[in-house]
There are 2 protein chains.
Amino acid sequence: MPKLGMEPIRKAALVKATIVEIGRVGSLDVTVSQIAKRAGMSSALAHHYFGSKEEMFLAAMRHILTLYGAEVRGALALAEGPESRLRAVLAASFSAANFRREAVGAWLNFWVLAQTVPEAKRLLKVYQGRLRSNLLAGLRPLAGDRAEPIAAGLGALIDGLYLREVLKSGPPDREMAVATALNYLNSKLEGARP
Amino acid sequence: MPKLGMEPIRKAALVKATIVEIGRVGSLDVTVSQIAKRAGMSSALAHHYFGSKEEMFLAAMRHILTLYGAEVRGALALAEGPESRLRAVLAASFSAANFRREAVGAWLNFWVLAQTVPEAKRLLKVYQGRLRSNLLAGLRPLAGDRAEPIAAGLGALIDGLYLREVLKSGPPDREMAVATALNYLNSKLEGARP
DNA sequence: GTTTTTGTTGATTGACGAGTCAATAAACTT
DNA sequence: AAGTTTATTGACTCGTCAATCAACAAAAAC
């Protein structure tokens, strides 16, 4: 029965299942068995491939971060000019894939994880750094010196919009989120233009 | 040895200890024993007064919310005119008491709790509603129709600034947080003034 | 064709933790 | 003084869960 080359497949399934389960349960109190079951294998196999629950969580974070990074890079590739680039970053941040309840719920819990697990903290900082530099690249041509604080504010605003999404009942409202962020951006940029 | 009328004292000690422990550990994975120990009693007594761990968490949330509400009300009482009121709300949100690592860490974890426990969700919504209406009261005279979206954005920004505080190493930077929020406010209001 | 590597799981271990209980004691009531 | 209420805890129950292990199966290597 055992086919070879299962490792990457199993790992991918586990990562996906981890995110789903965390999103579903709404906390990190997910058992390895739950995750493994959803991924269609025994909990022993999950341990076999990842060694520990924590490693599974970290792999899931890396995965989300990778997806997000790819999405941003893709959107950025099509954009021309600073304004369009900023818009691209926002669009990616609130894309259907990233802004769905499941992912947002997982995101929140990774934030909690970052309080305890240094590697998780590091990963979140990577995300923050990337977001910051993406925003700065677009902002500097438009706002010069004032780019820095604007980027900081916008970054916090994005995270805050994610946070609020968690509490909302009903379907995610990407429109609103993007509009709020763009709005912020515009009122900031108006001040710097003729 | 047993003095009477201990209930409120014990409960208060437990609530305080709950917040401290959640902030210290950085997650909701605190044992009742830890909390009780910090509050100077046996875990059995903690159960005696609160019945369950969840009730303790909720009491802790209510406590934080009460403190925050009192702080806002106090600041608001001294303020005159819409602008001053807005400033007061921001100052209270980032006051030394509310913006210390411990409280912020607990806050984040309550957000997680809200995903599972309806009463926690309700409490958080109360907070959001209060913040919203406080902001609106100050904003409407200054921005009219545009008050609504500005308040939504500002609310999310405040939550986002809290969130980012969690990841930061080093001491909390209230100055920066207030400045960022005020900055947001100003660029929003400029558009609405002559 | 035997050995090694890779995949897989059921069963088990060992720890830990929420909640309960019985027992003890001091204070208040009558 | 007898009875009741309030305070308090150590010991115990019961469940859960991460992690390990022994064993089995199939492919690959030799």
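To find a chain, count down the sequence lines: A is the first, B the second, and so on, and within it residues start at 1. Since this is a predicted model, take the numbers as computed values, not measurements. Basis for what follows: all heavy atoms, side chains included, without hydrogens, waters or symmetry-related copies.
A straight line from NZ of A:Lys53 to P of D:dT20 spans 14 Å, rounded to a whole angstrom. Distance NZ (A:Lys11) to C1' (C:dG7): 14 Å, rounded to an integer number of Å. Going from atom CG of A:Leu14 over to atom C1' of C:dG7 covers 13 Å, rounded to whole Å. Protein atom CG of B:Asp29 is 13 Å distant from nucleotide atom C1' of D:dA18, rounded to whole Å. One can place CD of A:Gln34 at 11 Å from C1' of D:dT16, the figure rounded to the nearest angstrom. Straight-line distance from the CE atom of A:Met6 to the C1' atom of C:dG7: 9 Å, rounded to whole Å. In this structure, CD of B:Glu7 is placed 17 Å from C1' of C:dC28, rounded to the nearest angstrom. Rounded to an integer number of Å, the gap from NZ of A:Lys37 to P of C:dT8 is 19 Å.
Using a distance-only test at 3.5 Å, with no hydrogens or angles considered, a donor-acceptor pair links the side chain of B:Asn134 to the main chain of B:Arg130. Using modelled atom types, no side-chain atom of B:Lys188 and backbone atom of A:Lys188 make a donor-acceptor pair closer than 3.5 Å.
Checked against the 6.0 Å centroid threshold, B:Trp111 and B:Tyr162 do not count as a close aromatic pair.
Nucleic acid contact for B:Phe50: none, since no nucleic acid atom lies under 4.0 Å from a heavy atom of the residue. Nucleic acid contact class of B:Ser42 (heavy atoms, under 4.0 Å, all strands): base.
For the pair A:Ser43 and B:Ala44, both in contact range of DNA chain C, the more 5′-proximal nearest nucleotide belongs to A:Ser43.
Using a 30° and 60° split on the angle between ring planes, B:Tyr184 and A:Tyr184 fall in the parallel class, below 30°.
Residue A:Arg10 has no polar side-chain atom (N or O) positioned under 4.0 Å from OP1 or OP2 of C:dT6. Here A:Tyr49 does not reach the OP1 or OP2 of C:dT6: none of its side-chain N or O atoms lies under 4.0 Å away.
Looking at A:Ser95 and A:Asn98, their side chains do bring a donor and an acceptor atom within 3.5 Å of each other.
For A:Leu45, whose side chain is taken as the heavy atoms from C-beta onward, the closest listed nucleotide among C:dT8, D:dA7, D:dA18 is C:dT8. Candidate nucleotides C:dT9, D:dA28, C:dA27 were compared by shortest atom distance to the side chain of A:Leu4, and D:dA28 ranks first.
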